[in-house]
A.B. asks: 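After the structure tokens below, expect a handful of questions from me.
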Amino acid sequence: MSGARPGPVCVSDSNIAGLENLQFEAQQGPCRDAYRSGRSVHAPSLDGPVAMRWPPFVSLARARGIRAVSAYPLINRTVSVGVLTLYRAQEGELSGTQQDDSVAVARVLTDTLTSLAIGEPSSPRLDEPFVYRAEIYQASGMVAVHLGVPPDDALVRIRDYGTAHGISVLDVATEVVALRLRFAAAGPDVQQ
């Protein structure tokens, strides 16, 4: 969910799209709570109090095989730009490493969305059509985390690769998200 563009910006599949849309329409669920409070929301089980707090969400989540959820607000200073929601098929808490990784991805997504929204010189503006593509958001975040670079630099790497190989930014992003293309410090590396 994004503050600049209400509703889900990107989802992993149609099952998750239904859950995200339900939260947006019903104005309840872990994503909505994280967005409103500005704090992470963790439901390692969809039983007990959680089931009573978000009845429509829990019912649909269980029907789709979801047993746990974590939602991380994407906040830059005091402005909330969205929420990263992670769904799991198994009940249980995230490990320390998973929690750290989730916080890092949320930070990268926040920086990416913020830089796109304010139109920094090296990044496109949000009103440009291609930046709404989920694959581009996902790929720039993945490359930024992997290389330890700012999101703008990751997007430049993706664009440069596309230009050098005569393919679109969207096509490069799709390959990165599908894990068939991975950027290394020395350059991109094709995974088989």
Side-chain angles (χ1 to χ4, degrees), residues 1-5 7-17 19-20 30-31 34 40 42 66 68-76 80-89 94-120 122-126 128-192:
M1 184 175 82
S2 168
R5 184 170 176 246
V9 172
C10 66
V11 295
S12 58
D13 62 35
S14 60
N15 280 332
I16 300 305
L19 286 166
E20 291 296 308
C31 174
S40 297
H42 302 280
I66 302 300
V69 63
S70 296
Y72 298 86
L74 307 179
I75 299 174
N76 186 355
S80 183
V81 296
V83 176
L84 168 65
T85 310
L86 306 173
Y87 297 93
R88 296 184 311 280
L94 293 173
S95 71
T97 300
Q98 290 170 324
Q99 174 72 9
D100 291 346
D101 289 348
S102 299
V103 169
V105 169
R107 191 175 315 116
V108 168
L109 289 172
T110 301
D111 291 347
T112 300
L113 291 171
T114 303
S115 70
L116 292 172
I118 62 173
E120 291 180 0
S122 62
S123 68
R125 299 226 5 122
L126 280 175
E128 292 180 22
F130 76 88
V131 298
Y132 284 111
R133 299 302 298 236
E135 294 88 350
I136 295 171
Y137 283 127
Q138 291 171 313
S140 63
M142 291 168 70
V143 171
V145 168
H146 180 74
L147 297 178
V149 299
D152 289 342
D153 292 349
L155 188 55
V156 168
R157 293 281 301 269
I158 290 169
R159 284 183 181 158
D160 289 346
Y161 182 84
T163 300
H165 291 86
I167 56 177
S168 71
V169 170
L170 180 58
D171 289 341
V172 175
T174 299
E175 292 299 303
V176 169
V177 171
L179 303 177
R180 291 186 294 262
L181 178 64
R182 182 177 171 132
F183 284 75
D189 191 22
V190 177
Q191 301 288 317
Q192 297 299 334

A.B. asks: Under 3.5 Å, is there a donor-acceptor pair between the Glu175 and Tyr161 side chains?
C.D. replies: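 Tyr161 and Glu175 do not have a side-chain donor-acceptor pair below 3.5 Å.
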A.B. asks: With a 4.5 Å heavy-atom cut-off, do Glu20 and Tyr87 have their side chains touching?
C.D. replies: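 The answer is yes, as the side chains (C-beta and beyond) meet within the 4.5 Å cut-off.
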A.B. asks: Looking only at non-hydrogen atoms, find the nearest pair between Val108 and Ala144 and report the distance.
C.D. replies: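 Between these two residues, the closest heavy atoms are CG1-CB, 3.8 Å.
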A.B. asks: Using the test side-chain hydrogen bond (donor to acceptor under 3.5 Å, both in side chains), find all partners of Ser95 that sit at least two apart in sequence or belong to another chain.
C.D. replies: Gln98
A.B. asks: Taking side-chain hydrogen bond (donor to acceptor under 3.5 Å, both in side chains) as the test, write out the residues that go with Asp101, two or more places apart.
C.D. replies: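 Partners of Asp101 under the side-chain hydrogen bond (donor to acceptor under 3.5 Å, both in side chains) test: none.
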A.B. asks: Are any non-hydrogen side-chain atoms of Ile66 and Ile16 less than 4.5 angstrom apart?
C.D. replies: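 Answer yes - side chains close enough.
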A.B. asks: Ser70 versus Arg88: any side-chain heavy-atom pair under 4.5 Å?
C.D. replies: yes
A.B. asks: Got a sec, which residues hit side chain to side chain contact (heavy atoms under 4.5 Å, CB included) with Leu109, two or more places apart in sequence or on another chain?
C.D. replies: Leu74, Leu84, Val105
A.B. asks: Can you name the closest pair of heavy atoms from Val149 and Ala154 and give their distance?
C.D. replies: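 Smallest interatomic distance, heavy atoms only, reads CG2-N, 4.0 Å.
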A.B. asks: Does a donor on one side chain and an acceptor on the other come within less than 3.5 Å for Arg157 and Ser140?
C.D. replies: no
A.B. asks: Does the side chain of Arg182 reach to within under 4.5 Å of the side chain of Val176, using non-hydrogen atoms?
C.D. replies: no
A.B. asks: What is the minimum heavy-atom distance between Thr85 and Cys31, and which atoms define it?
C.D. replies: OG1-CB, 3.6 Å
A.B. asks: Any non-hydrogen side-chain atom of Val103 less than 4.5 Å from a side-chain atom of Tyr72?
C.D. replies: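 Yes - at least one pair of side-chain heavy atoms lies under 4.5 Å apart.
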A.B. asks: Which residues pass the side chain to side chain contact (heavy atoms under 4.5 Å, CB included) test with Pro73, not counting sequence neighbours?
C.D. replies: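 In terms of side chain to side chain contact (heavy atoms under 4.5 Å, CB included), with neighbours along the sequence ignored, Pro73 is linked to Ala34, Ser40, Ile75.
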A.B. asks: Output the distance between atom OG1 (Thr112) and atom CG (Asn76), rounded to the nearest 0.5 Å.
C.D. replies: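 Going from the OG1 atom of Thr112 to the CG atom of Asn76 covers 11.0 Å.
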A.B. asks: Mind checking side chain to side chain contact (heavy atoms under 4.5 Å, CB included) for Asp171 and listing every partner two or more places apart, or none if nothing turns up?
C.D. replies: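 Applying side chain to side chain contact (heavy atoms under 4.5 Å, CB included) to Asp171 gives Ile167, Ser168.
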A.B. asks: When rounded to the nearest 0.5 angstrom, what distance separates CE in Met142 from CG in Leu181?
C.D. replies: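 Going from CE on Met142 over to CG on Leu181, the span is 9.5 Å.
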A.B. asks: Residues two or more places apart in sequence or in another chain: which of them pass side-chain hydrogen bond (donor to acceptor under 3.5 Å, both in side chains) with Ser102?
C.D. replies: none
A.B. asks: Can you give me the closest heavy-atom contact between Ala139 and Val177, atom names plus distance?
C.D. replies: N-CG2, 3.7 Å
A.B. asks: Looking at Phe183 and Ile158, what are the two nearest heavy atoms and their distance?
C.D. replies: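 Closest approach of Phe183 to Ile158, heavy atoms only: CZ-CA, 4.1 Å.
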A.B. asks: Begin from the C-alpha positions of Thr174 and Arg180 and carry the test side chain to side chain donor-acceptor pair (under 3.5 Å) through to its verdict.
C.D. replies: CA-CA 9 Å; Thr174 299; Arg180 291 186 294 262; over 6 Å; no
